Structure formats: C-alpha cells, structure tokens
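These numbers were taken from a predicted model, which means no experiment stands behind them.
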Amino acid sequence: MAKGRVTLPIETGMDEEIKELMERLGADAVRNSDGTELPEVASELFAKVYSTYFPARGDNLWAKSRPNDRTHFYLMSDRVTALSEEPLEIDIMSGYFDQQVKPDTTVDLERMWQAHDRTTGALLPFDAWKLGEDQRTVTILNPQIGHVYTVNFFAQQIWDSTQMYNYITNDWHLDPKREKEMPFDVRVPESWEHMKQQLQVWCEAHPEVDVVRFTTFFYHFTLVFNQVGKEKFVDWFGYSASVSVAALDEFEAEYGYRLFAEDFIDEGYYNNPFRLPTKRYLDWLDFQHRFVTSRAAELVRITHEAGKEAIMFLGDNWIGMEPYGPHFPEVQLDAVVGSVGSAATCRMISDIPGVRYTEGRFLPYFFPDVFNPEGDPIGEANRSWLDARRAIVRSPLDRMGYGGYLSLAVKFPEFVNRVEAICAEFREIHENSGGIRPANAPFKVAILNAWGRKRSWQTHMVAHALWYKQIYTYLGVLEALAGLPFEVEFLSFDDLTEGVPNEVGVILNCGSANTAFSGGERWADPKLQQTIRKWVAEGGAFIGVGEPSAHAANGAFLQLSDVLGVEREIHWSLNTDKYFNETVEHFITRDLDEDFDPGEGAGDVFATSSDTQILAFKDGSVQIAAHDYGLGRAVYFAGLPYSSLNSRLLHRAIYWAARREQRFELDWVCENPACEVAYYPSERKFLVYNNTEETQATKVFGGGKEYHVHLAAAGYHWGDVENEAI
C-alpha cells in the first residue's frame with residue numbers, strides 16, 4: 001500500500017493505537033493539537049513529528065510578570081440614547097466578557113479613547129465626557145435629548161480568544177491545572193526578545209520535533225465574547241485586535257498621519273471585509289503586514305537554524321500574515337496548513353505562493369461536539385471530502401491530515417474506516433496525475449472587487465467557512481469556481497487603471513449593493529465604467545451576480561445595466577412600464593431541468609433591451625439573462641448558491657460569454673452535472689468523480705470522444721483516453 005502525505009493527530013496513552021493507525025492510514029507525520037501532548041513514542045515512529053507552538057501565548061509566567069504587555073482591542077460601547085438633558089452614563093463593558101477584555105485606562109485617554117454623537121456623526125471634544133472611578137462608566141456631560149452616543153475604548157486582551165473557545169467547547173474549565181492563557185504583544189521590545197529566546201530554548205529542548213507548527217504568530221483575528229461567555233462578534237479578517245500605542249506611534253511616524261479609535265471601530269462595523277476599505281485602513285493592513293512578516297521571518301530563521309521545518313497554521317493568530325500579501329514569501333516558511341471547510345477554503349490554502357508545500361486539515365475536528373452518540377462524524381467526513389476533492393483535483397494540496405483528540409475518533413471504527421479510504425484516494429490523485437494540474441480553459445476568469453489579490457479565495461466570508469444566510473448566494477460563485485476548469489485571478493478595481501489584463505477572458509462581479517465585493521461607490525468612477533464597457537464591446541465577457549456594479553447615480557442603479565441588459569428596480573422607476581419575453585432554450589440553461597435556485601439573490605430585476613435574452617424569470621423578476629454587447633457578451637444571475645446544477649450553469653455561462661460554446665464538449669465535461677471530470681494531457685488520463693452520496697451514471701465528453709462511466713456514491717474512476725472511448 002502506498003504511504004505518505006498524511007498527518008495523524010496523536011496524544012499520550014495510545015501508543016499501540018497510534019502505531020496501528022499510522023499503518024492503516026499510511027501516515028508519515030504525527031502532530032499534537034491544542035490541548036494534547038506528544039507521547040514519548042512519537043520519536044520512535046520513523047515519521048515527521050509536528051508540534052504546535054504559540055509565540056505570543058502559553059507562557060503565563062512571562063505574561064504575569066509583564067501585565068502591561070497584553071495585546072489590545074479597540075472596542076465600542078453599546079449605543080445609548082439620551083432621553084433627558086441630564087448627564088448620560090454609559091457602561092462601556094456592557095455586553096463584553098470581563099474575563100476576556102478590560103478597559104486600558106493607563107493610556108492617554110484623549111489620544112486613545114473617543115466618544116461620538118452617533119446621531120450627527122460628530123466626535124465629541126475630550127472635555128464633553130469623563131471616565132468614572134470604576135474605570136468602566138463614561139459620562140456624557142451635556143447630551144442632547146434623542147441623540148445616540150457611543151464610546152470607543154482601548155481594551156487589554158486578558159484571555160486568548162482561541163483558548164477561551166476551547167475552554168468552552170471542550171470543558172477545559174474542569175481541569176484545575178489548566179490556566180487561562182494571556183497573550184502578550186510582539187511590539188514590546190522585551191516581549192519580542194523573550195519570544196526569540198524561548199523559541200531557541202524550546203527547539204533545543206525538543207530534539208524529537210521535526211516541524212514547528214506555528215499557531216499562528218502574534219495577533220488574533222477579531223473574536224470577542226459577550227457578558228455570558230458566548231461569541232459576540234467574529235471577523236476572520238479583522239484587525240481590531242492588532243493595535244497598540246507603540247504601533248500607532250510608529251504608523252504616524254512612517255505615514256505622516258495618525259490613526260484614531262474610529263479608524264478601527266468604523267461606526268461599529270470594524271472594517272469587516274464587506275465594507276469598502278478606506279485608504280487609512282489599507283495603509284494599516286500594509287503596515288502590519290510588513291511588521292508581522294518581518295518578525296515571523298526571524299522566528300522561522302531560528303527554527304531553520306535548529307534544523308527544523310517551520311509551518312504556519314492559517315488561523316487563530318494569523319492577522320498580518322496575509323498569505324496573498326506581497327511580503328509573505330519573504331518569511332520563507334516551509335509550508336502552510338489550514339482548515340478545509342469547503343472547496344473555496346481548500347483553494348485558499350493550496351494556491352498560496354511562496355511555500356514548499358501546503359497541507360489541509362480536514363473535518364471533522366476530533367472534538368466532543370461531533371464525536372458523541374448524537375453526532376455524525378462519517379457524514380461530516382464525507383461532506384468535507386466531497387467539497388474539498390473538487391478543489392484538490394484542480395489545485396492539489398500536497399498533504400492532508402486531521403486534528404483533535406485521537407482518543408475520541410477511535411471510538412468510532414466506521415469513521416476510521418472512511419478516513420482510511422479518503423487518505424488512499426488523496427494519494428491516488430497525486431500518483432495518477434503525475435504531479436501535473438489538469439487542463440484548464442485557455443483564458444483566465446477574474447473576480448473583480450475592492451480587495452483583489454489580497455482576499456484571493458476569501459471573499460464573502462465572515463468566519464472562515466461558516467454558513468450565513470446573507471452570503472451563501474454569492475459564496476456559491478467562489479465554491480463553484482474552485483472546482484471548475486479555469487485559472488482564477490482576483491482583481492481589485494485599482495488593477496484596471498491601465499485596462500483589463502490581456503490573459504483575462506471573463507470578468508465576474510458578484511455581491512450585494514454597497515459591499516466591497518459588488519463595489520459600491522467605486523462604480524461612481526467614469527473611467528472604471530468606460531474601461532469595462534470598451535473591453536466587453538471589443539470582445540470581452542462580463543458576468544454579474546446579484547447587484548453587480550450597483551451604485552445609484554446618473555439615472556441607473558446597476559451602472560453597467562447597458563452591458564448586462566438588465567436593471568434593478570429600486571422603486572424610482574415604477575412609472576416606467578417593463579415588458580418581458582422569456583427565451584425558451586439557450587446553451588447556458590441546457591442542463592437546467594428544474595426551477596433555478598438564486599438563493600437570496602436580487603429581485604425586481606427587469607430587462608432594459610429587447611435583445612436581452614431572459615433565460616429564467618419568476619415572480620416578475622429576471623433571474624438569468626444573456627446579452628450581446630458589441631463583439632462581447634454579458635450574463636446576469638440574480639444569485640448563485642453552490643449546487644452541482646448551479647456550478648454547471650456558471651460553467652456554461654463562462655463558455656458562452658467567452659464565445660467558446662462550440663468547444664464545451666471538446667474541452668472535457670460530464671453530461672451529468674452531479675459528476676465532474678479532469679483531463680491530464682501529459683498522462684493521457686482523465687478522472688471522473690461523483691460529487692454526491694448517491695450512485696451516478698454519466699457520459700463523459702472530451703477531445704471529440706465519448707465515454708460511459710458508472711460511479712458509486714462519492715465514487716471516482718480513472719480513465720485511459722485511448723482505451724475507454726465508445
């Protein structure tokens with residue numbers, strides 16, 4: 001049996017089970033997890049040994065000796081309304097967990113704190129409010145009746161967010177020996193020197209460890225808990241916990257202007273990625289990216305000098321370590337490992353540049369929330385694998401693994417059997433493909449939004465791969481593309497200053513109005529509109545999903561309504577009559593044998609031209625439309641949540657928009673949308689895989705030939721181009 005490419009989580013007290021599972025799964029590496037220790041047998045397994053390492057937490061002896069070195073949040077109080085002219089008291093800690101954060105009142109309050117009249121948007125002068133003796137009550141001295149007030153305050157982080165989550169999830173509070181870990185700030189020179197020294201000492205003390213798995217480096221993504229210890233808000237991309245007095249001072253010295261609390265609070269939205277990023281916020285991201293990567297590079301150098309590999313977990317304290325940022329390759333990490341929650345998150349990991357290999361941690365995590373009598377670990381494993389496999393085929397992860405408590409997983413032998421089969425299939429993809437990616441269409445597909453490359457495979461996400469009603473409609477576009485035969489590039493609006501890159505064949509703009517992903521005010525730029533119109537008219541292709549190019553101005557809501565052939569009714573043009581003629585048959589919808597599912601997509605969409613082809617229409621609204629524009633083409637979808645059928649619709653739409661529909665069956669495709677195929681020209685092989693947990697049969701078209709394939713539930717088949725055609 002082939003072995004390798006698999007990392008197994010292990011823990012103490014399971015020596016014989018570990019040896020057996022390593023053999024069955026073909027694992028060539030073992031690891032501990034947050035909350036488990038490596039057993040002594042680890043050094044005897046003739047496998048790579050990974051060990052988690054936390055540079056900025058887990059050393060409470062140091063943290064307690066340096067109480068002012070904590071990392072910090074910028075937080076906003078509740079919105080409180082003044083109902084009289086009497087002084088208004090605001091408890092700034094209302095709604096926050098006082099075991100996680102506490103107000104930092106040792107700083108210059110005038111410089112670091114702020115109070116706002118949120119009714120007018122005005123910043124209150126410093127003498128218009130005061131902090132009470134309890135260090136948590138702020139009094140607005142002369143409020144206006146009926147106005148809403150908030151306080152932006154600087155807060156110490158006194159309990160690490162991830163450890164707190166694990167405390168809650170895994171009942172760590174029942175262990176009296178387990179301390180609450182206090183994070184400390186790498187910006188403090190003494191703490192930075194301590195981090196370097198401790199890593200050197202740790203490397204020397206652990207000769208059995210081959211790979212240091214940094215989890216991650218210094219600043220945690222925004223994760224704040226409420227007064228009863230439940231999650232209050234989360235932003236996997238949030239930088240509000242990366243602030244410090246020293247950082248703000250250094251930023252001002254370098255950039256020539258100062259950032260204040262409101263630059264991070266952002267009216268209470270905290271610059272989440274759905275907001276159009278301001279120049280000030282982008283400057284901060286660039287500033288922290290350069291700083292964090294420079295510090296991380298030093299820790300990696302220490303690790304390498306100790307003869308060990310350095311890999312980064314893409315999660316927890318990853319802020320500043322932007323994997324698609326310009327300075328990330330300078331860190332010289334050996335690898336990145338991340339949690340695979342979908343095809344999109346799988347591509348987010350596998351496409352990262354500047355590392356020797358990538359590794360995916362598959363679901364389910366071996367935690368009690370899944371591994372219990374009511375849980376469904378096999379179902380979760382299947383869903384995780386089927387989602388990820390589509391992406392792995394297109395852009396292979398080099399390694400895979402799992403995490404958590406192995407002692408829980410072994411209580412479910414059928415689950416272990418399924419994992420064994422998944423590991424074998426993962427290796428088979430690598431072996432049969434010859435290490436070469438399958439063939440793609442001869443042009444790039446570009447996702448256009450305000451973030452561009454920085455958020456490659458990360459758009460429309462709130463908390464990594466968690467489902468939200470408001471995002472699945474648009475995240476489905478990313479999920480579909482992750483497994484389709486296209487090279488995908490992420491462009492910002494600024495990237496089009498000199499025109500559309502030559503290699504781009506199709507541009508997609510997807511999202512709700514006034515978000516960074518649709519573009520909002522960026523569409524007020526006439527030059528941007530002109531660039532895309534000219535490009536499409538000369539033969540380019542544009543696909544919009546939801547409210548593309550949405551910005552109400554100059555008599556239009558969708559600024560590219562002329563290109564798309566549709567417009568959205570926002571109740572400003574109800575007096576204008578609209579007429580619809582639905583097109584019965586079209587290349588794009590040829591596989592649509594049921595009602596189209598637009599998710600929570602836009603409604604009240606109407607055709608603007610008689611030559612707009614309406615391909616799906618429901619409840620008085622256009623759901624799919626196709627439109628010729630000069631020599632180019634455009635396609636509109638009201639929404640596109642992920643499903644096999646919607647993925648096929650997008651596949652066909654891209655081919656039609658690129659005027660390549662005559663090549664659709666020549667370029668390798670399955671007749672059955674529940675199945676997909678990848679073709680490897682150099683190997684003269686193709687891989688057909690069933691994306692469902694039901695048996696499927698399909699014809700496979702490619703290179704002018706036809707193949708018939710029957711697949712088991714979640715099954716796959718490797719075909720030989722020369723020998724299997726009918």
My understanding is that only residues two or more places apart in sequence, or in another chain, count here; which of them pass side chain to side chain contact (heavy atoms under 4.5 Å, CB included) with Arg258? Arg111, Met112, Leu248, Asp249, Glu252, Phe260
Where at least one partner belongs to residues 78-95, residue pairs that pass salt bridge (Lys or Arg N to Asp or Glu O under 4.0 Å), sequence neighbours excluded: Asp91-Arg136
Residues which pass salt bridge (charged side-chain N to carboxylate O under 4.0 Å, His left out) with Asp98, listed by chain and number, not counting sequence neighbours: none
Identify, with sequence neighbours excluded, every residue that meets ring pair (Phe, Tyr, Trp, His ring centres under 6.0 Å) alongside Trp202. Tyr53, His206
Partner residues of Glu380 under the salt bridge (charged side-chain N to carboxylate O under 4.0 Å, His left out) criterion, sequence neighbours left out: none
Polar contact flag, side-chain donor to acceptor under 3.5 angstrom, Ser161-Gln100: yes
For the ring pair Trp284 and Phe287, is the centre-to-centre distance below 6.0 Å? yes
Quick test of your reading: applying salt bridge (Lys or Arg N to Asp or Glu O under 4.0 Å), list the pairs with at least one residue in residues 460-477, sequence neighbours left out, ordered by first then second residue. Lys469-Glu600
Where the side chain of Asn271 meets the backbone of Pro277, is there a donor-acceptor pair that is under 3.5 Å apart? no
Is it true that Phe264 and Tyr239 have ring centroids separated by less than 6.0 Å? no
Contact summary for Met164 and Phe97, nearest pair of heavy atoms: CE-CD2, 2.9 Å
Close aromatic pair by centroid cut-off 6.0 Å: Phe367 and Tyr405: yes
Enclosure of Glu521 CD (heavy-atom neighbours >12, cutoff 6.0 Å): no
How close do Ser342 and Asp387 get, heavy atom to heavy atom, and via which atoms? CA-CB, 4.1 Å
dist Ile90:CD1 -> Ser77:OG (nearest 0.5 Å) comes out at 4.5 Å
Near Ile145 CD1, under 6.0 Å, is it more than 12 heavy atoms from other residues, nucleotides or ligands? yes
Kindly check if the number of other-residue, nucleotide or ligand heavy atoms within 6.0 Å of CG (Asp283) is above 12? yes
The complete set of ring pair (Phe, Tyr, Trp, His ring centres under 6.0 Å) pairs with one or both residues in residues 122-144, sequence neighbours excluded, reads Phe126-Trp129
Using 30° and 60° as the class limits, which term best fits the ring planes of Phe291 and Tyr219: parallel, tilted or perpendicular? tilted
For residues Phe54 and Asn317, determine if any side-chain heavy atom of one lies less than 4.5 Å from a side-chain heavy atom of the other. no
Considering all heavy atoms, the nearest Ile352-Pro323 contact: CD1-CB, 3.6 Å
With sequence neighbours left out, what residues match Ala261 under side chain to side chain contact (heavy atoms under 4.5 Å, CB included)? Tyr74, Gln114, Asn152
Approximate separation, where rounding is to 0.5 Å, of Trp457 CH2 and Arg347 CZ: 4.0 Å
Of the non-hydrogen atoms in Thr293 and His327, which two are nearest, and what is the gap between them? OG1-CB, 3.6 Å
Is the distance from the ring center of Phe274 to that of Phe517 below 6.0 Å? yes
With Thr222 via side chain to side chain contact (heavy atoms under 4.5 Å, CB included) - residues at least two apart: Val224, Phe233, Asp235, Ser240
Please list, chain by chain and in numerical order, all residues satisfying side chain to side chain contact (heavy atoms under 4.5 Å, CB included) with Leu131, sequence neighbours excluded. Thr105, Leu109, Trp113, Gln135, Val138
Residues forming a salt bridge (charged side-chain N to carboxylate O under 4.0 Å, His left out) with Asp160, sequence neighbours excluded: Arg57
So, using salt bridge (charged side-chain N to carboxylate O under 4.0 Å, His left out) as the criterion, who are the partners of Glu322 when residues are at least two apart? Arg455
On the ring face of Tyr96, is Lys232 found with NZ or CZ under 6.0 Å from the centre and within 45° of the axis? yes
